[in-house]
Every structure is written in structure tokens, then in C-alpha cells.
Amino acid sequence: MCGIVAYVGAQDAAPILLDGLARLEYRGYDSAGLAVVGKSNLRVCKKKGRIADLAAAVPARFRGTTGIGHTRWATHGEPNDANAHPHVSEAGRFAVVHNGIIENANDLRAKLAADGVTFTSETDSEVLVHLIAVQSAAGLSLEDAVRGALNQVVGTYGIAVVDAEQPGVVVVARNGSPVILGIGEKEMFAASDVAAVVRYTRQIVYLDDGELAVVRAGGFSTFTLDARAVTKQPSTAETAAADYDTAGHAHFLSKEIHEQPSAILRTLSGRLDERFSTAHLGGLNLTAREARDFKRVKVLGCGSAYYAGEIGAQLIEELARIPAHAEPASEFRYRNPVIESDTLYIAVSQSGETYDTLAAVHEINRKGGTTLGVVNTVGSTIARACSGGVYLHAGPEVSVTSTKSFTCTTVAFALIALHFGRVHDLSPADGRRVTSALRALPDKIERILEDEEHIAALAHEYAKHESLMFVGRVRGYPAAREGAQKLKELSYIHAEAYPASELKHGPLALIGPELPTVAVVPDDELLEKNLSTLGEIRARQGRVLMIGHTAPDPKLAQDVILVPRSEPELDPILLGIPMQIFAYHAALALGRDIDRPRNLAKSVTVE
Ligand code: G6P
């Protein structure tokens with residue numbers, strides 16, 4: 001993944017680049033660096049650690065009005081100063097920042113080394129800068145040298161390049177890793193994400209794969225890699241700079257947990273149809289007849305997007321009675337999947353950039369399948385690769401750990417399930433039951449949020465344990481999986497989720513006073529079964545924290561978090577929220593880095 005940013009204009013580049021990098025830190029944060037073009041020389045500063053460490057290391061006299069910056073998530077070579085970007089050519093003329101993976105880096109490195117090039121890092125990215133220098137030495141312009149280098153490369157990239165001999169120009173290019181341009185007043189920006197530039201401009205140009213742009217203060221020109229000019233229309237970014245502030249919260253995570261009622265309202269906005277008790281989803285691009293023709297649904301995503309997809313698949317199966325199943329996109333894409341014309345494939349992604357999910361979509365498209373996207377980021381690569389879809393409109397999610405986009409994804413699936421249900425056999429009465437339950441969700445979430453103090457106290461208690469078990473049955477199981485995911489990502493406490501029904505087939509051996517269990521127990525038709533699972537855990541002296549609708553016999557659970565009831569099919573949407581708050585406070589109790597957990601990145605744009 002990694003984040004790149006570039007500036008060319010009249011202002012000092014370094015502070016703008018540092019600010020942009022801070023906004024991209026969610027993409028990776030193990031090392032960072034800057035290069036600015038001064039009066040025909042290149043100044044470079046790079047550092048292991050966070051953007052704040054880099055900012056502290058940038059010398060006062062680091063002047064230049066053209067520059068590039070990078071925040072890294074290590075793939076090739078450990079995080080250290082040498083492996084941090086930008087990478088610089090031997091004579092110090094060119095600097096490159098790169099997001100993505102160069103698959104033939106070893107071959108290119110060997111060839112360049114045989115020609116006498118000395119490498120200073122272990123990264124795959126460094127080959128790019130040397131290739132550009134070689135091309136330039138052969139007499140090519142910067143733009144053509146970049147093109148010549150990229151034509152030798154196999155892999156993915158979003159890059160930005162500066163040349164000490166050409167102050168005032170940045171060349172950027174994209175293949176598989178996002179690059180956007182920001183158009184300012186006599187200044188231009190480029191970045192991996194709108195987040196880096198939205199403080200300065202909301203006029204955005206999205207580069208497509210295989211495109212390159214030559215960017216100057218006064219404007220930009222876009223081309224394909226084989227030098228054909230392309231015309232790009234700017235669009236206005238939906239997000240505003242304020243979306244990237246913590247708005248008085250201690251962390252983005254807390255802000256985003258608390259934003260869920262309003263985020264869900266946006267997901268629902270204009271989509272519920274009272275007259276026919278259904279959902280209108282204009283972006284699906286499917287007629288009722290086409291929607292009826294699908295015999296199966298396959299949902300694909302990674303991490304929390306996959307768990308949200310599991311809830312989504314259950315919703316579709318329950319409400320529309322279409323067999324539906326979720327699978328990690330990262331597995332699906334590697335197993336030569338059978339693609340069927342009567343299966344609907346739904347790709348789930350907050351960022352719309354996750355490489356494994358995108359690769360799954362490409363594979364399905366190539367084999368002639370129909371793909372829909374459930375995506376938060378408007379205009380993102382996955383959204384554009386699908387033939388239709390549903391945007392979450394959750395607003396930018398900055399904290400690496402997904403909360404509001406997870407919940408909004410489950411709500412978007414409820415809309416899809418309702419829509420498909422109503423073109424199949426879901427009765428108008430059941431449709432009404434679901435639409436009114438959806439409308440009631442924001443208030444119910446407010447009520448869960450009011451319980452934060454109680455949940456925080458429990459989290460402090462449970463954070464003393466080294467490991468926690470999470471269990472749930474059918475509707476409760478994906479919610480339990482996501483609960484465990486939240487806890488491990490945020491607090492680094494080991495957490496494992498199991499179907500409650502499977503506990504006695506193995507993991508019960510682990511249960512005892514040292515291993516507490518968080519049990520997701522909605523008051524549905526499986527309540528009695530779930531309560532007997534709690535009995536099995538209590539019989540082994542395991543402590544139980546139950547999340548559900550009614551407090552059980554105190555012998556079955558020492559601790560209880562109560563959640564307002566919804567309609568049974570929609571219960572998983574609400575059951576996950578206390579576990580987000582629980583994980584947040586467990587991580588606070590342990591002093592963890594809340595918005596940037598170790599080793600993770602929000603957007604994984606590499607394989
Ligand atoms: C990374 C993040 C997860 C996220 C997953 C999918 O692994 O750390 O929090 O759920 O990517 O991201 P996406 O943007 O596709 O939803």
C-alpha cells in the first residue's frame with residue numbers, strides 16, 4: 001500500500017507534503033520521506049517511524065516549491081531509513097516515490113547491477129529510479145524516461161517522480177495503485193487519495209490504470225503509457241477537510257463509532273420505498289427480471305469487509321431466499337473459481353482499492369460474471385470495475401480499524417436483500433417490517449452509545465486476560481467474528497471466534513477461568529440453544545460476557561451488555577456495535593495506538 005503525495009506551485013512544498021502525508025498515514029506508517037527540488041538540486045529527508053518523526057527530522061532549510069512525499073508500509077525490506085522512499089538515482093538527479101509492487105524487481109535489479117548501478121536499499125521500488133536515470137542518460141525527456149522505465153516493469157504502481165534539473169515538474173503514473181490529481185490556483189497536487197489534498201482543493205482528476213500525467217503549477221497533461229494524449233474531466237470531491245478531523249474526540253475511531261447513526265441515515269437516504277415496501281437502488285443497473293434470474297449470490301471481501309459480507313449473505317438468504325455465501329476475496333481469486341452466469345457476485349470494500357478484492361472482480365469480469373460493488377469510496381477502482389453497486393455514503397473512515405463502514409455495509413446489504421426479496425417472495429408485510437426496522441436503527445445505535453461507560457468498565461476488566469473466545473450462532477456468528485477481529489486489531493489481545501454450535505467439538509478444551517468468552521446471544525429462535533452453550537462454558541468456570549436482548553439467569557453470564565431489539569434478521573447490525581466500543585476501551589486500557597494499530601494498514605493495495 002503506502003501513500004504518495006506531490007506538490008508543484010509557488011509555496012514551500014515540505015509543509016504541504018508533510019500535511020498530506022499525515023492524512024495518508026492510514027495507508028502505512030512504518031517510515032516516511034520527502035524530496036523537494038531546490039534551485040536545481042534535490043533535497044531528501046527520510047526516516048523510520050511516523051510522519052511526526054519525519055517532520056521533526058526535516059531541516060529548517062529544506063526549501064523548494066516542487067516535491068514528493070511517501071508514507072510506507074513495508075513489503076520488500078524492513079522499515080528503516082534506507083528503505084524509506086523517496087529513492088534517488090546515483091547522481092542525485094531523480095527521486096521517486098512508489099506505492100505498489102514491482103514483480104520483476106529482482107531481474108531488473110540484477111541487470112542494473114550488472115551495468116554498474118549501486119543500490120542503497122532492499123526495496124523493489126528503487127529499480128524505478130535507476131531505470132529512469134538510464135533512460136534519461138539515453139537522451140529522453142523526463143516524461144519519456146518515466147514511460148521507458150514503466151514499460152520494463154511488471155507489477156503495480158502509483159508513482160511520482162521529480163528531476164533536479166527541471167524544477168516545476170512532477171510526473172505521476174498509475175497502474176493498479178490509485179493516483180489522483182488536485183487542481184489548485186496556480187498550484188497542483190497529486191496523491192494516492194483525495195484525503196491528502198482536500199484541505200487545498202476539491203477539484204480532483206482520477207487517473208486510470210496505464211495513465212501518466214505531467215504536472216506543472218499551471219496545469220497538467222495526461223497520456224497513456226504509449227504516449228497517446230487523453231482528456232480527463234475534473235470532478236468535485238464529496239469530502240471536505242473537516243471529515244478528516246477528530247471533531248473533539250480523542251481518536252478517529254471514537255469519532256467514527258459515534259458517527260454511525262448519521263452514517264446509516266446517509267446509507268438509507270432516498271432508498272426506502274414505503275409504497276411498495278422495498279428499497280430503490282438505482283446503482284444496481286439491474287431490471288427486476290434480471291434480478292429475479294440470479295440463482296445464487298457470492299459475496300467477496302477481505303478482513304472486516306468479508307465479515308460484513310457474511311452478515312450480508314445471511315440477510316440475502318433470509319429475506320430473498322436466494323442461496324448466498326461469503327468468501328474471503330483473497331482465497332477466491334487464487335482457486336480458479338467456477339463463475340456462473342446465474343450467480344450474482346458482490347464485492348465489498350470500504351476503500352474500493354483492496355488488491356485481492358479487485359483481483360477477484362477482474363477474474364469474475366474476465367469470465368463473464370456479473371459483479372456489483374458495495375463500496376464506500378466513490379469513484380474508487382473496485383466501484384468502477386463492477387457493473388453496478390451500492391455506495392455506503394458513510395463518509396471518509398480514517399481510523400485503520402473499520403467501524404462505521406462495517407455497519408453501513410451491513411445496512412447496504414439489508415437494502416439489497418430487501419430489494420431482491422421484494423422481487424421474489426418477500427411479502428409486503430415483511431417488507432414493511434424491514435423498512436421500519438431500518439428506519440429505527442439510528443436511534444437504537446444512539447442508545448447503545450449511551451452505554452459506553454458501562455462497556456468501557458467491562459473492557460478494562462477483560463483486557464487483563466491474554467486471550468478471549470467469541471461465540472455466536474447463525475446470525476450471531478459473523479457478528480462474533482467481527483467482534484474478535486476488532487479486539488485483536490485494536491488491543492493485540494488474542495481473540496478467536498467460533499460458532500457456538502462448534503464449541504463442544506474442540507475448543508471447549510480451552511475454556512476455564514483464564515479464558516473468558518464474549519457470547520453474542522440475540523433473543524431469536526436459537527436463544528435456548530445459545531443459553532445451553534453458556535451453561536457449558538460456566539460449568540468449566542469460564543467467565544461470560546453476554547451481548548443480547550435480555551439478561552439471562554445470572555448463573556449463565558456474569559456480565560451482560562443489552563442491545564435494543566430490531567427485527568431478528570437485522571439483529572446482527574446492532575449486536576456488533578458494543579463490541580466495537582469494547583475493543584476501543586480494551587485498547588485504551590492497554591495504551592495501544594488506537595487509530596494506527598501495529599503492522600496494519602487501512603488500504604491493502606498489494607497482494
Ligand atoms: C485491511 C484493513 C481491514 C479491512 C480490509 C479490507 O486489511 O486493515 O480493516 O477490513 O483491509 O479493506 P476494504 O477497504 O477493502 O474494506
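Remember, it's 1-based here, ligands and their atoms both numbered in the order they're listed. Position 1 is the first residue of the sequence; numbering continues from there. Because only heavy atoms are used, hydrogens play no part in the values below, and waters and symmetry mates are left out as well, while side chains stay in.
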How about [X] and [Y]: do any of their side-chain heavy atoms sit closer than 4.5 Å?
X	Y	value
Cys386	Ile382	yes
Thr236	Gln203	yes
Tyr29	Arg598	no

Taking 4.0 angstrom as the limit and counting only heavy atoms of [X], give me the atoms of ligand 1 inside it, by number and element.
X	answer
Ser351	13 (P), 14 (O), 15 (O)
Gln350	13 (P), 14 (O), 15 (O), 16 (O)
Ala305	10 (O), 16 (O)

Which residue and non-hydrogen atom of the protein lie closest to [atom], and at what distance in Å?
atom	result
atom 10 (O) of ligand 1	Ser304 N, 3.0 Å
atom 7 (O) of ligand 1	Val604 CG2, 3.8 Å
atom 11 (O) of ligand 1	Lys602 O, 3.7 Å
atom 5 (C) of ligand 1	Cys302 O, 3.6 Å

Evaluate the criterion salt bridge (charged side-chain N to carboxylate O under 4.0 Å, His left out) for residue pair Arg23 and Asp193; output intermediate values, then yes/no. CA-CA 9 Å; Arg23 316 252 164 205; Asp193 185 334; over 6 Å; no
At the 4.0 Å heavy-atom cut-off, does [X] count as touching ligand 1?
X	value
Glu489	yes
Ala601	yes
Val400	yes

Over all atoms of both residues, closest heavy-atom pair of Val400 and Ala601: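 So the two residues come closest at CG1-C, 3.9 Å.
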Mind listing the closest non-hydrogen atom pair of Ser330 and Cys302 along with its distance?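 That would be N-SG, 4.0 Å.
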Identify which one of Glu331, Arg481, Glu327 satisfies the side-chain hydrogen bond (donor to acceptor under 3.5 Å, both in side chains) criterion when paired with Tyr306.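 One option only clears the test, and that one is Arg481.
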Looking at ligand 1, does any of its N/O atoms fall within less than 3.5 Å of an N/O of Thr354?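 Yes; the residue has a nitrogen or oxygen that sits under 3.5 Å from a nitrogen or oxygen of the ligand.
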Backbone or side-chain N or O of Ser349 under 3.5 Å from ligand 1 N or O: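 Looking only at distances, the answer is yes, because the N/O contact criterion of under 3.5 Å is met.
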Is atom NZ of Lys444 surrounded by more than 12 heavy atoms (other residues, nucleotides or ligands) closer than 6.0 Å?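 Count over threshold, so yes.
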